[in-house]
Each structure stands twice: as structure tokens, then as C-alpha cells.
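For reference, the structure discussed in these notes is given below.
What you see is a predicted model, and the numbers here were worked out from it, not measured in a lab.
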Amino acid sequence: MFQLTVQHRRDKATHHVADSNPTRVLSDFLRDLKLSLNTRCGGRGLCDGCLVDLLSGTLFHQPSGKLLQANDGPQRIRGCEFVLPVGGAAEIHVPVRSLLAHRPQIVTSFRLNVARAHDPLWQNVRIDPSEWDQSSQPATLDQLCEIVAKRDDRSVPVVASPEMQAAALPLHHELPLEMEYQGAAWLLRQSTAAKPSFGAAIDIGTTTVVVVVADLETGDVVASVSALNAQSHVGDNVLTRINQCMVDETMTRTLQDAIVRETLGPLLGQAVRAAGLELDQIKCLVVAGNTTMLHLFVGENPASMGVAPFTPSFLTYRSISADDLQLVVPVGEGAERPPDRGPADKAKAPISPDGEVCHATIHVLPGAAAYVGADITAGVLASGMAYCEETCLLVDLGTNGEIVLRHEEQLVGCATAAGPAFEGAGLTCGVRAGKGAIGHVWLERDSFRVTTEVIDGGVPIGLCGTAYVDFVARAHEVGLITSTGRFTPQAHAGHLEKQGLYG
């Protein structure tokens, strides 16, 4: 048994850890305690995102195979590199800047730049008596399907549902019908919709998830909600989550639960309540996201995208049932998020006493490559870029950054890890651009007096990427650093050291 004492902010607690897994690193234990460290390099010891302070006791350094003791004072260590020795004890301090948790700032407005026909994935079917009569009173479902397909000039066939075939319903033009796109065909069945029908568009981002509910008859948006992707508590970037699945296959299910049950279910329930709807009025869901997020959403291990040649398991469109994913939606008032659960409770089905299973069809949009996903292909279409005759550029800046260039009828895309640029990755005090981060820095020319701006005010916890860019540019402007980034006279460096910005 290992005794681990954890200090965070003003809290201090002691935990007794069983010796069942002697190779499990410190960052994993802290994640179970809801203190997820920023292991942005995938826990490979390549960054300083997961720094903690060893105040006392002993920890085992995996890369070197040596014990580290805090005999001569606190030791700053990477949480992803140390394990807990059997039968030992240690006390650590977790700085705020090393944590993943932050409050997302999300933009949910949008605009379509392309003309579009109103042809939703789920729709009521109305057959005019004249159409029926011109068909000489069709006596079979096949003839009825032909009427619908011919009237709408559909390239995808229209087929009767198995339930409709088994029911042997009398065929007449008053028969209420509905039709739903299923990928290979439009499925025609007897309508059960007593109320107006709606669909939900979902963007699964690495950091944030947005749900928009729209009226399928009018196309009007009736609700828009967003929240932090619960997968962020396991890892805040794509590579971290891929690496988790590479070393532990059970993490695929854990991450799927985080997005389906902990994030999307509560968000959809929040959207339904905001629109004043009932869950069964949601007839279809359309899901976009980067390729890794879509793999985890459907339960596919993304490990193959973590090594060359970075091959995804799928890129094509998929149509699946929300029943198959057990998408449980809390619909009661105040049930916006399920309660926190420990790892042993992950497989339990109920997440809320007021939960309902969504029965809508889920349409997963196609992507272009392992790191140019369905969110980008959707953007190329919705922005009108796919139809533009001029040279144009699509830029998506998020945790992952993508750029698509259209020139002379060719589309060329690339991707990069944009999040670290904004989070001050590589800086000793680097943090993401959230509450408490220094976002801007000013330097006076003669006195070198430093002025900072802290996001949301309060005591600063570190510098995000914009502050770093500010400092480099303004320090060069006032003569503190050369064009190569080196500090010039030692007196300048000494002045900064007094202000706690150097040394």
C-alpha cells in the first residue's frame, strides 16, 4: 500500500493506493482523483505540461529506473514519468497551471454561404390524390415507393420498411407516411409523428461539443447549446487520447462513454428542454468532428492514427442507430450533467433517473484523412468553398488546426496541433488561455516596467501563447532582446529578474 498526500490550492488529502499496478504513473492516479494533468505530449515526457512538486517522500522515475527523494527540498517532476513505489509514501503539490480543467469560451453562431434545397434526412411524405390516380391505384408497396422516388427524382432508391411490409396496410393516399435516409436507400414507413419533427446537428470538438436543434419542416434553429468535451479529463489533445488507446485498449470504451454518455447525452437533453420539445421529436442526428473524435464516438480504436502511415479505420459516411450507442438523454429539469462516477461505475447503464434512450438515426459525416476530418469537409461545403471559382482559404483554429486551400479546382489540406501555440506549450509557466492566464504583456521603453492583462482578472497562474508572443515582440522593440531572441545587456536581464519574469 502506498500513501499519497496531495495538495491542491488550499486542499490537502491523503489517499491509500493499492499496489495492484506498480507501473501505473502518477498522472493516472491524479486523473482518478479528478485532478487530470495536462499531458499534452501523450504522456511521453516531451513537454512540461504535467509538472508537479514532490514535497516529501520517494517516487520511482521510470525512464532512468532510479528513486527520487525530496530530501533537499521540493523537486519539480513530470507526473507522466513517475510511479509509486510499493509500500512507500510521498506528498506532492499540484499547481493550477498543470491541470486540464478550464472554462471553455465557445462560439455557436454560424452562417451558410450556399444555396440549398430543403430535403432533410427525415421527412413526412404527402401523396397527392392525382399522383395516386395516375398510377392506376397501385396495389403493392413497390409501386408506392416508385411514386415517391419518381416524384422527387431521387437517385437513391426508396424502399418500404420491414414493419410496413409485415403490416399489410391498405394502400391509399390518406395513409400517413414518413421517409428517412439510411445511406443506401430512403426508408419509407407509416408515420408515427403526432408532433412537429426536429433534427440535431452535432460538432464533436477535441475540447468542446456543440449541439444545434433545427425544425425539419422549416430549417429554423430552435436551440443551440455547448459544453466541454468530457474526454478532456483524460487528455486534452488528440495525440494524448490516441496514445491512451494504444497502451490500453479499454480506454476506447472509456473515451466513448465520456463523449456519448457524459457529454452528448446531457447536452442533447439540455437542447431539447431549451427548445420546449420532447425527446421523441428528435428524428435524426448529424455528427461531424475530427477523425479521432468520430472513431471514439462510434467505439473504434484510433491507435492506427498514432503511428505512420496514420491510417484511420474509416473515413466514409456511416449511418447508425442511437439505440446501438445507448445514447441516454437526461430529460428532467436540472439534469444537465450526470454525477461524477469512479472508474468502476463506467459500465453502469443508468446515468439519471430521468433518462430516456434516444431512438433517432445517427448520421456520421465523411472525412478526408486521418487529420482532416468531417468537420473540415462540412466546412468546405457549408462555406461555399467547394463551389467557389476563385482561389480561397479555409482556416479552422482549435485544439487542432486545419487549413484547406482551393486553387484551380484543386483542394489541398493540412493539419497541425494548434492548441499548444495558444497554451504556452514548452514554457515553464505555460498555461492554456483560460481564467487566470496572462493573455497580454506590455513593456515600457525606458523603465522596462511590465504591465499584464489577466483573463477574467485575479491572481495570474501562468502565461498563455498570446502573452509569450507579446513579450518577445515588445522586448525586442524596447531593446531587451536581440533579433535572435537572446537577452542583451545583463542589466536588462537583472531588471526583469527583480520583477520575477526572468531567472
Side-chain angles (χ1 to χ4, degrees), residues 40 100 102-114 116 200-212 221 224-229 231-232 235-242 259 263-264 267 286-297 302 305-306 310 312 314-317 363-388 390-407 409-425 432-434 439 464-466 469:
R40 54 188 167 224
L100 287 176
H102 79 121
R103 184 178 65 192
Q105 300 185 22
I106 308 163
V107 177
T108 57
S109 59
F110 64 92
R111 183 181 73 186
L112 294 177
N113 289 336
V114 293
R116 63 197 187 281
I202 300 163
D203 180 18
I204 301 177
T206 308
T207 303
T208 56
V209 180
V210 179
V211 175
V212 172
V221 172
S224 179
V225 297
S226 56
L228 183 71
N229 187 336
Q231 293 176 344
S232 297
D236 73 333
N237 61 74
V238 163
L239 291 179
T240 298
R241 297 175 205 175
I242 290 175
I259 182 60
T263 307
L264 184 53
L267 260 185
V286 177
V287 179
N290 66 56
T291 309
T292 301
M293 293 303 100
L294 295 187
H295 274 59
L296 294 172
F297 174 68
M305 291 185 285
F310 313 110
F314 72 96
L315 287 171
T316 55
Y317 160 84
H363 303 269
V364 180
L365 298 184
Y371 291 98
V372 181
D375 51 348
I376 302 305
T377 58
V380 167
L381 293 171
S383 66
M385 182 181 189
Y387 316 103
C388 183
E390 300 175 346
T391 299
C392 53
L393 197 68
L394 174 72
V395 181
D396 184 324
L397 289 179
T399 307
N400 306 298
E402 295 90 2
I403 295 179
V404 179
L405 171 68
R406 179 186 171 92
H407 180 65
E409 299 186 354
Q410 274 195 324
L411 291 169
V412 180
C414 60
T416 188
F422 305 120
E423 296 166 9
R432 66 170 60 204
C464 66
T466 54
V469 173

Quick check: does any side chain N or O of [X] sit under 3.5 Å from a backbone N or O of [Y], one acting as donor and the other as acceptor?
X	Y	answer
T377	P366	yes
D203	V210	no
T263	A227	no

To the nearest 0.5 Å, what is the distance between [atom1] ([X]) and [atom2] ([Y])?
X	Y	atom1	atom2	value
I204	L296	CD1	CG	9.0 Å
R241	I259	CZ	CD1	8.5 Å
L394	R406	CG	CZ	12.5 Å
N229	T208	CG	OG1	8.0 Å
D375	D396	CG	CG	6.0 Å

Partner of V212 by side-chain contact (heavy atoms from CB on, under 4.5 Å), out of V225, V286, V221: V221
By the definition side-chain contact (heavy atoms from CB on, under 4.5 Å), identify the one residue from T206, I376, V372 that meets it with N290. T206
Do the ring planes of H363 and Y317 sit parallel (below 30°), tilted (30 to 60°) or perpendicular (above 60°)? parallel
Which pair of heavy atoms, one from M305 and one from Y371, lies closest together, and at what distance? O-OH, 2.7 Å
What is the minimum heavy-atom distance between L365 and A374, and which atoms define it? O-CB, 3.3 Å
